[in-house]
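Some notes on the structure that comes next.
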There are 2 protein chains.
Amino acid sequence: MLTDRQQEIVDTSLEIISSIGIQGLTIKNLAKRIGISEPAIYRHYENKISILLTILDYFKSSGEQMFRKQIKSEDRPLRRIECIFEGHFDAFERNPSLVSVIFSEEIFRNEPVLQAKIAEIMDRNFNAIKALVVEGQAKGEINPNFDSKYLTIIIIGSLRMMVKRWQMVDKSFNNRDEVKNLFSTIRKLIENNNS
Amino acid sequence: MLTDRQQEIVDTSLEIISSIGIQGLTIKNLAKRIGISEPAIYRHYENKISILLTILDYFKSSGEQMFRKQIKSEDRPLRRIECIFEGHFDAFERNPSLVSVIFSEEIFRNEPVLQAKIAEIMDRNFNAIKALVVEGQAKGEINPNFDSKYLTIIIIGSLRMMVKRWQMVDKSFNNRDEVKNLFSTIRKLIENNNS
DNA sequence: ACAAAGTTAGTTAATATTAACAAACAAACA
DNA sequence: TGTTTGTTTGTTAATATTAACTAACTTTGT
């Protein structure tokens, strides 16, 4: 569990990342924004890496929660994938900084601990979606003539691309509709329509 | 045009980016690798940003070349998209550092000039692919019941995701086959099969 | 002889982190 | 009850390291 200050540090970090990018997340900026001195940060976190690890953990567990909810759900696989789509999207909308975090692998490249965590999160997400695709194919909802691996790459890649575009150009347009449209396109593409 | 030294600086930069990431591209590393002193670098480039701009320009023009080739080509649109897929992939294989560059938007976020260039490149690529999709739909080769914008997001997103996975996990596996399989999946999905 | 390309030896600004100490409060105890 | 002791959370000042970049001088090639 996090203390109030620890939570504040994490929240403020996400704010900073959101507004000026991960590069701007320095202890100095962090301390200034919170209104305490730099060394005070170290009363609550051993070092900067452990702050970042906490952020990634938060990210990981919020994703896990979403997947768990979908596993229990009685919906059909395609609908569950759609929920994950929307769920991720809601998360991004509520907390735009997560977008920066998700695309920050390159920055963590010199920190093995962080890179490992990122790889772990990506891998788990991939497998969760893939499991749903496989299930959808088994139940005849998704076209079984395609390798589930490639369908998963297409699904996740599309979502990421959408988010990236949103971050780079669109900026606060009709994002919810965009996601709906994108997913409905994907759905029609991969659905099993042997009528 | 670039002098020999300038070219060497660019090449070595790409080598460094490739092996230890963009974060590792410092003037010190660059000079050491080339075998000259740090200030000598400044005899050939005004500053670090201009080196990075040159790299992005190289990236941009090599992409442009590829698109130009495809425009002249007599192939059908889907085949041309496939060529672009393979072309990009060849580029990545020949020069893995480009992968790092392409995913480095987050790092350039505090450098408006660089960020603008990245946005420009992404935008042009997007529109080039989209034009091919539209043409494919007009010629009845691609299913016209889908918004070309979303199909383009799916196509580019998949390619990027594939590359990302390649960078993160697969590492020197059967990459050429993977690209072939991925594209053939996409092709089957979006093809117009009203037979 | 002169311009291009290199060197050595610096500068400035940032960075994460540590050392040493202080105020506020709580717990323990006489 | 009042004093001692410890803990938490903060401070200021300093640290080591690294970044990009510069000034002034030397070498090299034509």
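- Between A/N143 and B/L189, every side-chain heavy-atom pair lies at or beyond the 4.5 Å cut-off.
- Atom CG in B/D4 sits roughly 14 Å away from atom C1' in C/dA4 (whole-Å rounding).
- Residue pairs meeting the side-chain hydrogen bond (donor to acceptor under 3.5 Å, both in side chains) criterion with at least one member in residues 33-42 of chain A: none, sequence neighbours excluded.
- Ranking D/dA24, D/dA19, C/dT17 by closeness to the B/K28 side chain, first place goes to D/dA19.
- Residues forming a ring pair (Phe, Tyr, Trp, His ring centres under 6.0 Å) with B/F183 (at least two apart in sequence, or on another chain): B/F85.
- The stretch residues 35-42 of chain B touches DNA chain C through B/I36, B/S37, B/P39, B/A40, each having a heavy atom under 4.0 angstrom from the strand.
- You'll find that the side chain of B/N47 is closest to D/dC21, out of D/dC21, D/dT11, D/dC25.
- A/I34 places its CD1 atom 11 Å from the P atom of D/dT11, with the value rounded to the nearest Å.
- Straight-line distance from the CG atom of A/N110 to the C1' atom of D/dA19: 14 Å, rounded to whole Å.
- In summary, B/E191 and B/K188 do not engage in a salt bridge, as defined by a charged side-chain N under 4.0 Å from a carboxylate O.
- Contacts with DNA chain C (heavy atom under 4.0 Å) in residues 7-17 of chain A: none are found.
- Under the ring pair (Phe, Tyr, Trp, His ring centres under 6.0 Å) criterion, A/F89 pairs with A/W166, sequence neighbours left out.
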Q: Report the secondary structure of DNA chain C in dot-bracket form, marking unpaired bases with a dot and bases paired to a different strand with |, and treating Watson-Crick or G-U pairs with both distances under 3.5 Å as paired.
A: |||||||||||.||||||||||||||||||

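- The side chain of A/I27 approaches C/dT17 more closely than any other nucleotide in the set C/dA5, D/dT11, C/dT17.
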